[in-house]
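Chain identifiers are assigned alphabetically (A, B, ...) following the order of the sequence lines, protein sequences preceding nucleic acid strands; residue numbering begins at 1 within each chain.
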Amino acid sequence: MPELPEVEMVRRGLDAHILDRTIEQVRIFDERALKRHPYGPRDLEARLRGLKVVAVDRRGKFLWISAGSPSSSGESVVEEQLMVHLGMSGQMLIATDGGDDRSQQQPGAALHRHTRISAYLDDGLRLDFVDQRLFGGWSLSEGEVEAHGRLVPREMAHIAADPFEAVFDAGAVARRMKRSRAAVKSLLLQQGLVSGIGNIYADEALWRMKINGAREGASIPVTKLTGLLNASREVMTDALAEGGTSFDSLYRHVNGESGYFARSLQAYGRTGEPCSRCGTLLVKEQFMNRSSHFCPRCQRRR
DNA sequence: AGGGTAACCTGTATGC
DNA sequence: TGCATACAGGTTACCC
């Protein structure tokens, strides 16, 4: 479910809540949340126990939490990197003392029905990984590697830079897209080409640029492909300013709050409503095993 | 080699 | 009410 803006909201929330906290214990309630961690739950629990959170990073839709134990100089040397992917329905929820906000979980409160993992931090803070569909999960990295201008856990070396990164080169990515006969929408969704874009923001960027997503990449001028990538960055920037897109309780920030960009969507989920540019009724078509929402007049196939 | 498809999951909405 | 089907924000392994 979550795309770059939603994952970035989660990253910011984690940064605010768990930085400098010590992981006292990790409990795994459903091992299917560790599909990408081949060493099992005991290994993950043992390796994280006692480490302090040093940084929370993100590339595209991938998050990673760096943690270490304090050295003699007082600074923590990173010993482990906990990679987190939210999949379609994953959430990272902080259980705090709540204050006046009843939407927040209480520390002793019953776990959410789909809590798969809990990390118990110092000061009674708890971090829950909640994931209805189990397409997401936690795993520990086996080391860092340089990829696309940055040190990242080696397991995500195949993930390209996202449009928010300084090294992201829209023109270079556009030239690669130009060489492909695949549908331009599928190219936008290929995380090895440009990361962070999902079904919602692909449809929104295509609507902004008046491009039909079924068109071959090779049929579109490079300048227009560059514009499409820039539009993707812009729509995700706009979404981030609204706290991301949230249709239901499956997407929430770490404190349980929702984002409000759903009200600003122009194409996604607006089937049958008039296009805000031309008034033509928006349509939904199945292709690439997913739904695509677009204006049949602004976004013609040719 | 690139590109399309099935599989991984649970829940909700809809239609008969 | 019961049951079947379709669909949901993602990624990957495996075909051709």
| Is the closest basic N to carboxylate O distance between A/D203 and A/K185 below 4.0 Å? | yes
| query | Among A/L229, A/V235, A/T237, whose side chain to side chain contact (heavy atoms under 4.5 Å, CB included) with A/R233 holds? | reply | A/T237
| said: Between C/dC14 and B/dC9, how far apart are the two P atoms, rounded to whole Å? | reply: 15 Å
| query | With centres under 5.5 Å and planes under 30°, do A/F135 and B/dC8 count as stacked? | reply | yes
| query | Reckon A/H85 has a side-chain N or O less than 4.0 Å from the OP1 or OP2 of C/dT11? | reply | yes
| Would you say B/dT10 has OP1 or OP2 under 4.0 Å from some side-chain N or O of A/S89? | no
| request: Report the distance from atom CD of A/Q190 to atom C1' of C/dT12, rounded to the nearest whole Å. | output: 13 Å
| field | Residue mapping more 5' on DNA chain C - nearest nucleotide basis, A/Q191 or A/K284 | value | A/K284
| With both distances under 3.5 angstrom, what nucleotide forms a Watson-Crick or G-U wobble pair with B/dC9? | none
| Interatomic distance where CE belongs to A/M236 and C1' belongs to C/dG9 [whole Å] | 13 Å
| said: Looking at A/K35, I'd like to know whether one of its side-chain N or O atoms comes within less than 4.0 Å of OP1 or OP2 on B/dC8. | reply: no
| request: Check whether any side-chain N or O of A/R290 sits under 4.0 Å from OP1 or OP2 of C/dG10, and answer yes or no. | output: yes
| request: Nearest whole angstrom, please: distance from the C1' of C/dC7 to the NE2 of A/H293. | output: 10 Å
| C/dT11 to B/dG11 separation - P atoms, rounded to the nearest Å | 22 Å
| Distance, rounded to the nearest Å, where A/N289 contributes CG and C/dC7 contributes P | 11 Å
| How are the rings of A/H293 and A/Y268 set relative to one another: parallel (under 30°), tilted (30 to 60°) or perpendicular (over 60°)? | tilted
| Protein-nucleotide distance (A/M288, atom CE; B/dG2, atom P), rounded to Å | 18 Å
| Tell me: CG of A/D248 to P of C/dA8, nearest whole Å? | 13 Å
| query | To the nearest 0.5 Å, how far apart are CD in A/E24 and CG in A/D122? | reply | 5.5 Å
| query | Whole Å only: how far is the CZ atom of A/R181 from the P atom of B/dA1? | reply | 19 Å
| query | OP1 or OP2 of B/dT10 sitting under 4.0 Å from any side-chain N/O of A/R32? | reply | yes
| task | Under 4.0 Å between any heavy atoms, over every strand shown, what does A/T245 touch: base, sugar-phosphate, or nothing? Just pick one. | result | base
| query | How would you label the contact of A/Y268 with the nucleic acid (heavy atoms, under 4.0 Å): base, sugar-phosphate, or nothing? | reply | sugar-phosphate
| Under 4.0 Å between a side-chain N or O of A/R36 and OP1 or OP2 of C/dT12? | yes
| Looking at the side chain of A/H114, which of C/dT12, B/dG3, B/dG11 is the nearest nucleotide? | B/dG11
| task | Give a yes/no on whether any side-chain N or O of A/S246 is located under 4.0 angstrom from OP1 or OP2 of C/dG9. | result | no
| Close aromatic pair by centroid cut-off 6.0 Å: A/Y251 and A/F261 | no
| request: Could you give the distance separating B/dA6 and C/dA6 at their P atoms, to the nearest angstrom? | output: 14 Å
| Phosphate oxygens OP1/OP2 of C/dT11: is one of them under 4.0 Å from a side-chain N or O of A/H158? | no
| message | Looking at A/E8 and A/R12, is there a salt bridge between them, counting it only when a charged N and a carboxylate O are closer than 4.0 Å? | response | yes
| query | With under 30° as parallel and over 60° as perpendicular, where do the rings of A/Y39 and A/H37 fit, or are they tilted in between? | reply | perpendicular
| query | Which nucleotide sits closest to the side chain of A/S186: C/dT12, C/dG9, B/dG4? | reply | B/dG4
| task | To the nearest Å, give me how far apart CG (A/L250) and C1' (C/dC7) are. | result | 13 Å
| said: Of the listed nucleotides (B/dT10, C/dC7, C/dG9), which one gets closest to any side-chain atom of A/N199? | reply: C/dG9
| request: Counting heavy atoms from C-beta on, name the nucleotide in B/dT10, C/dG10, C/dG9 closest to the side chain of A/K61. | output: C/dG10
| said: Taking pairing as Watson-Crick or G-U wobble with both contacts under 3.5 Å, can you name the mate of B/dG4, or confirm there isn't one? | reply: C/dC14
| Rounded P spacing from B/dA7 to C/dT5 in Å | 16 Å
